[in-house]
Engineer: 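Can you keep this structure in mind? I'll have questions shortly.
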Number of protein chains: 2
Amino acid sequence: MSQGNGTKDKISPRVIERLTKYLRCLESMSPDDYISSEEMAERMGLTAAQIRKDLSNFISEFGEGFGVRGKGYQVRILYSGIERILGVHKTNNIIIIGAGRLGSALLSEPEFTKESFNVIGIFDSAEHKVGREMSGLKIRNISELDYFLETKDRVDIAILTVPKAVAQEMADKLVSAGVKSLLNFAPLKIKVPENVVVANIDLYAKLQELNYWKEKVL
Amino acid sequence: MSQGNGTKDKISPRVIERLTKYLRCLESMSPDDYISSEEMAERMGLTAAQIRKDLSNFISEFGEGFGVRGKGYQVRILYSGIERILGVHKTNNIIIIGAGRLGSALLSEPEFTKESFNVIGIFDSAEHKVGREMSGLKIRNISELDYFLETKDRVDIAILTVPKAVAQEMADKLVSAGVKSLLNFAPLKIKVPENVVVANIDLYAKLQELNYWKEKVL
DNA sequence: TAGATTGTTAATCGATTAACAATC
DNA sequence: TAGATTGTTAATCGATTAACAATC
């Protein structure tokens, strides 16, 4: 069953992951230039076939494919096309749960000055933090969450930077308040209903993986 | 060509990624208990066959497989077996490059109080930071890196939390000082020689991926 | 012994690569 | 037109699942 927009169903997570890498590769290029799948592949350490295959899953805003036969892909068109696919051509509102060091670090990430993601709130449960300012945002009490979600702008994504021990509880609060997607930094598997998506960033797991590979490359 | 230890060659990254998840699943269990692949699968949302297949790539410290036919896997044995595979049964020394908010946040992560990873140094290039203490570690000048690596303990992994603009430069410094594995938080592809491994954590890319999936689940 | 569950082999499925006709 | 490079189909490769004999 097709989706109506020009996208084939069931795109694999692997493809979406690579799309974000394509953006990274393109962002340092001049928008008017054309780049061939061959050159992109070279730069990114992939095969040209894979890139063309990935992109062929989608169609551009206008006609069909992103590329021009004989020329390659125009950086501008490919870039904005991928942005559109990922839904980052518009602003998405974010709240951060947990005003600890990690939450604070994320809040001041230079990437968050881009337009596609906009942090509109930060929450904590520690009384002594509530009310203080952090990168220009007032820290709110977790208990205000429901009120906030009812009265403020739509929240697209909540980033969980709370300790492991309270992560599931916070996730439950967020879900029952109507948040539909979570980026979780706590080192555990958050349980959510089927209509909620969770992405995880697990520093410790990454370190463990890296530790395995470093032994193999010797 | 086999490796001599009981491990088959060419384990896929996917398998290693799942091993870290198996650890997470097991750490909340009683070490003496037995768990079946069926139950683990249930808890983690995988198939039992996949878990058995994954584990069958390796052999335990003693005899052969990790499991006992008819009983399942003893938590203690499986846990320490996976730790051994990942090389986290011993302490690995880490340095953090970049004493900004992110570096500071990582330094105080509760996970770093575990024994397997030990932060032995933190570096920055900003004069006003050098010499200050952070979670009990003195911030050192980047220029001391070579000296540090020559005189201190072995450095197993360097974590890069510097701004994008200087990330490649810092990576080069680390590589030429002899560091063999990097965990990179800067949103770009670090170029390194073949005998160096790099793992990446890209917050922004993860957000973009999540943003794609959240639209699909509606 | 009967029941349970592993470890492994074979079957299926999905993802990557190769090849090439379409076309700029 | 000739040369280049896409988009797509077919071939290959690898990873997951199913099935079952081995064995606790």
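Reminder, nothing fancy here: chain letters follow the sequence lines and each chain counts from 1.
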Engineer: Rounded to whole angstrom units, what separation is found between the CG atom of B/Asp54 and the C1' atom of C/dT6?
Structural biologist: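 So the CG-C1' distance, B/Asp54 to C/dT6, works out to 14 Å.
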Engineer: What's the separation between atom OG1 in B/Thr161 and atom CG in B/Leu102, rounded to the nearest 0.5 Å?
Structural biologist: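 Reported value, rounded in 0.5 Å steps: 5.0 Å.
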Engineer: Return no unless some side-chain N or O of B/Arg52 is found under 4.0 Å from OP1 or OP2 of D/dC20.
Structural biologist: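 Checking B/Arg52 against D/dC20: no side-chain N or O falls below 4.0 Å of OP1 or OP2.
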Engineer: Does the structure show a Watson-Crick or G-U wobble partner for D/dG3, both distances under 3.5 Å? Name it, or say none.
Structural biologist: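 By the stated definition (distances under 3.5 Å), C/dC24 pairs with D/dG3.
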Engineer: What's the CD1-P distance between B/Ile77 and C/dG7, to the nearest Å?
Structural biologist: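 After rounding, the gap between these two atoms is 11 Å.
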Engineer: Is any N or O donor-acceptor pair between the side chain of A/Arg14 and the base of C/dA15 shorter than 3.5 Å?
Structural biologist: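 Answer no: no donor N or O sits under 3.5 Å from an acceptor.
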Engineer: Does a side-chain N or O of B/Tyr73 approach OP1 or OP2 of C/dG7 to a distance below 4.0 Å, or not?
Structural biologist: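 Affirmative; the distance criterion is met.
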Engineer: Between D/dG7 atom C1' and A/Lys71 atom NZ, what is the distance in whole Å?
Structural biologist: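 Atom-to-atom, A/Lys71 to D/dG7, this comes out as 18 Å.
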Engineer: For a quick check under 3.5 Å, do A/Lys152 and A/Asn93 share a side-chain donor-acceptor pair by atom type?
Structural biologist: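 Judged by distance alone, the side chains do not pair up.
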Engineer: Looking at C/dT6, I'd like to know if its phosphate oxygens (OP1 or OP2) sit under 4.0 Å from a side-chain N or O belonging to B/Ser37.
Structural biologist: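 For C/dT6, OP1 or OP2 has a side-chain N or O of B/Ser37 closer than 4.0 Å.
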Engineer: What is the separation between atom NZ on B/Lys53 and atom C1' on C/dC13, rounded to the nearest whole Å?
Structural biologist: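 It works out to 14 Å between those atoms.
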Engineer: Is it true that the side chains of A/Gln168 and A/Asp172 contain a donor and an acceptor less than 3.5 Å apart?
Structural biologist: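 Checked: A/Gln168/A/Asp172 side chains pair up, N/O donor to acceptor below 3.5 Å.
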Engineer: Measure CG/B/Asn57 against C1'/D/dG14 and give the value in whole Å, please.
Structural biologist: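 My rounded result for the distance is 13 Å.
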Engineer: Heavy atoms from C-beta onward define the side chain here; which of C/dA18, C/dG7, D/dT8 lies closest to that of A/Ser56?
Structural biologist: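 For the A/Ser56 side chain, the nearest candidate turns out to be D/dT8.
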Engineer: Just the rounded figure in Å: distance from P of C/dT5 to CG of B/Leu55.
Structural biologist: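 Rounded to whole Å, this separation is 16 Å.
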Engineer: Rounded to the nearest 0.5 Å, what's the gap from CE on A/Met44 to NZ on B/Lys189? Could you check?
Structural biologist: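 Answer rounded to 0.5 Å: 8.0 Å.
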Engineer: Let me know, please, whether A/Val68 or A/Ser12 comes out on the 5' side of the other along DNA chain C by nearest nucleotide.
Structural biologist: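 Going by which nucleotide is closer to the 5' end, it is A/Ser12.
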Engineer: Please report, rounded to the nearest Å, how far the C1' atom of C/dG7 is from the CE atom of B/Met40.
Structural biologist: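 Between C1' of C/dG7 and CE of B/Met40: 16 Å.
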Engineer: What is the distance, to the nearest angstrom, from the CD1 atom on A/Ile51 to the P atom on C/dA18?
Structural biologist: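 Going from CD1 in A/Ile51 over to P in C/dA18 covers 14 Å.
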Engineer: Please round to the nearest 0.5 Å and tell me the distance separating atom OG1 of A/Thr20 and atom CG of B/Leu210.
Structural biologist: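 Those atoms lie 12.0 Å apart.
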Engineer: For D/dT23, does the base pair up with any side-chain atom of B/Arg69 as donor and acceptor (N or O, under 3.5 Å, distance only)?
Structural biologist: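 No pair found.
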Engineer: With both distances under 3.5 Å as the test, what is the Watson-Crick or G-U wobble partner of D/dG14?
Structural biologist: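 D/dG14 is paired with C/dC13.
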Engineer: Is any side-chain N or O of A/Thr47 closer than 4.0 Å to OP1 or OP2 of C/dT16?
Structural biologist: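 Negative; the distance criterion is not met.
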